[in-house]
Amino acid sequence: MIKAEHLVKQYGSTKAVNDISFEVAEQENLILLGTSGCGKTTTLKMLNRLIEPDSGNITINGKAIGSQPPEELRRSIGYVLQNNGLFPHYTVAENISVVPRLLKWDDQKAQSRMAELLEKLHLPADFLNKYPGQLSGGQQQRVGLARALMADAPVLLMDEPFGALDTITRSKIQQEFKQLDELKRKTIVMVTHDVQEAFELADRICLMDEGRIVQTGTPAELLFKPAIPFVKDFLQAQRLQLEFKAIKLNDIWAHLPDGDTDNRPALPAQQSVWAALEQLKESGTGTLQIENEQHQKKTVTFEQLISAFHQYQIQHPA
Ligand SMILES: Nc1ncnc2c1ncn2[C@@H]1O[C@H](COP(=O)(O)OP(=O)(O)OP(=O)(O)O)[C@@H](O)[C@H]1O
Ligand SMILES: [Mg+2]
């Protein structure tokens, strides 16, 4: 759906983006991951022409983005700015209405869409008249997300959308984010420097360093098939938790014992081992039902999960 080829952007002697190419499939969530200054924001802003590349091409659905006026292009692309980008002297309603005004929606349509989004993002309706400064960081980021979702554009660009949050709020919003139907339908390019976040949310990751992509792949590919030592080193400090997130129940299915199942709701086996451990922690019964695409079910314990995970690790040495 989105194709970027050989993008270059230079500021003076700094090559902010140095020959970057990637593709994003329809409804995929591609994450640009890397340390501060590696060129993530610059890359993202080239996708909606807030920055023009010195050279290289970008197409969306086969159409060169340079061939349409930037304003028109941006109507089909939602954008969440780094540090939420809300106007401090506008109320929440005014901040969100920027988009419907651009699109010349009538008032009623704008109001009802705004109310719908506030509810989906768990923001009270009376927030509409508040100013960003009166909201917590997490609430501001939800407003930034609401603004980006307003026009229900098929493409969404997100620059560190959960950047300024504490770990607990962050992981709560990440879980909500994964469950939002509006987002499941979208093609998303998201920027983060947080490895855990990337592993939690990405279908595929572009790991960047000094204006280049060092590897593009699924979280599991980065972990178990690192292209160069840099990739392995980058992930090393948090490796165990990342493996729990990258390995799916499907991957370890064969290592889990068969046995009796019951009628409790089952966790789909496309979910990660990490998600299963989290659910087990909350279940209170010490067991969890899981179910694969063939509608086979298993009941698993913490010990069985860890043991199956360990067998997978032995078969896939890094
Ligand atoms: N307008 C500009 N003028 C000059 N240099 C710039 C400009 N914008 C970015 N740069 C430089 O280009 C490089 C990449 O910047 P970019 O904002 O893309 O990084 P980033 O990966 O988003 O970093 P962060 O995680 O800190 O947001 C940096 O070295 C930055 O200093
Ligand atoms: Mg940035």
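Counting starts at 1 for both ligands and their atoms, in listed order.
Looking at ligand 1, you'll find an N or O of Thr42 within less than 3.5 Å of one of its N or O atoms. Considering backbone and side-chain atoms together, Thr14 places no N or O closer than 3.5 Å to any N or O of ligand 1. Considering backbone and side-chain N/O atoms, Ser36 comes within less than 3.5 Å of an N/O atom of ligand 1.
With a 6.0 Å radius and a threshold of 12 heavy atoms from other residues, nucleotides or ligands, Asp260 has its CG atom at or below the threshold. Surrounding CD of Glu116 are more than 12 heavy atoms belonging to other residues, nucleotides or ligands, all under 6.0 Å away.
Nearest protein heavy-atom contact of atom 14 (C) of ligand 1 is Gly37 O, 3.4 Å. For atom 25 (O) of ligand 1, the closest non-hydrogen atom on the protein side is Lys40 NZ, 2.8 Å. Among protein heavy atoms, the minimum distance from atom 8 (N) of ligand 1 is reached at Tyr11 CE1, 3.4 Å. Scanning all protein heavy atoms for the shortest distance to atom 12 (O) of ligand 1 gives Ala16 CB, 3.2 Å. Nearest protein heavy-atom contact of atom 22 (O) of ligand 1 is Thr41 OG1, 2.8 Å.
Distance check for atom 30 (C) of ligand 1: every protein heavy atom is found at 4.0 Å or beyond.
The shortest heavy-atom contact between Ala110 and Pro100 is CB-CB, 3.8 Å.
Thr299 and Arg264 share no side-chain donor-acceptor pair at under 3.5 Å. Side-chain contact, Asn84 with Gln141: no donor N or O sits under 3.5 Å from an acceptor N or O. Side-chain contact annotation: Asp262 with Gln289, donor-acceptor N/O pair under 3.5 Å present.
Annotation: cation-pi geometry satisfied between Arg147 and Phe87 (NZ/CZ under 6.0 angstrom from ring centroid, within 45° of ring axis). Figure legend: cation-pi geometry between Arg239 and Phe199 absent, as NZ or CZ is not positioned both under 6.0 Å from the six-membered ring centre and within 45° of its axis.
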Run the numbers on Glu28 and Glu23 for side chain to side chain contact (heavy atoms under 4.5 Å, CB included), then give the verdict. CA-CA 10 Å; Glu28 189 179 26; Glu23 284 186 46; over 6 Å; no

Show, in sequence, the C-alpha distance, side-chain angles and deciding distance for Gln27 and Thr187, and conclude whether the side-chain hydrogen bond (donor to acceptor under 3.5 Å, both in side chains) test is met. CA-CA 4 Å; Gln27 298 198 348; Thr187 304; over 6 Å; no

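Phe162 and Phe177 have their aromatic ring centers within a separation under 6.0 angstrom.
Around the Mg ion (ligand 2), protein atoms of type N, O or S found under 2.8 Å number 2.
Close contacts of ligand 1 with Gln82, meaning ligand atoms under 4.0 Å from a residue heavy atom, involve 27 (O).
Using a 4.0 angstrom heavy-atom cutoff, Gly39 counts as in contact with ligand 1.
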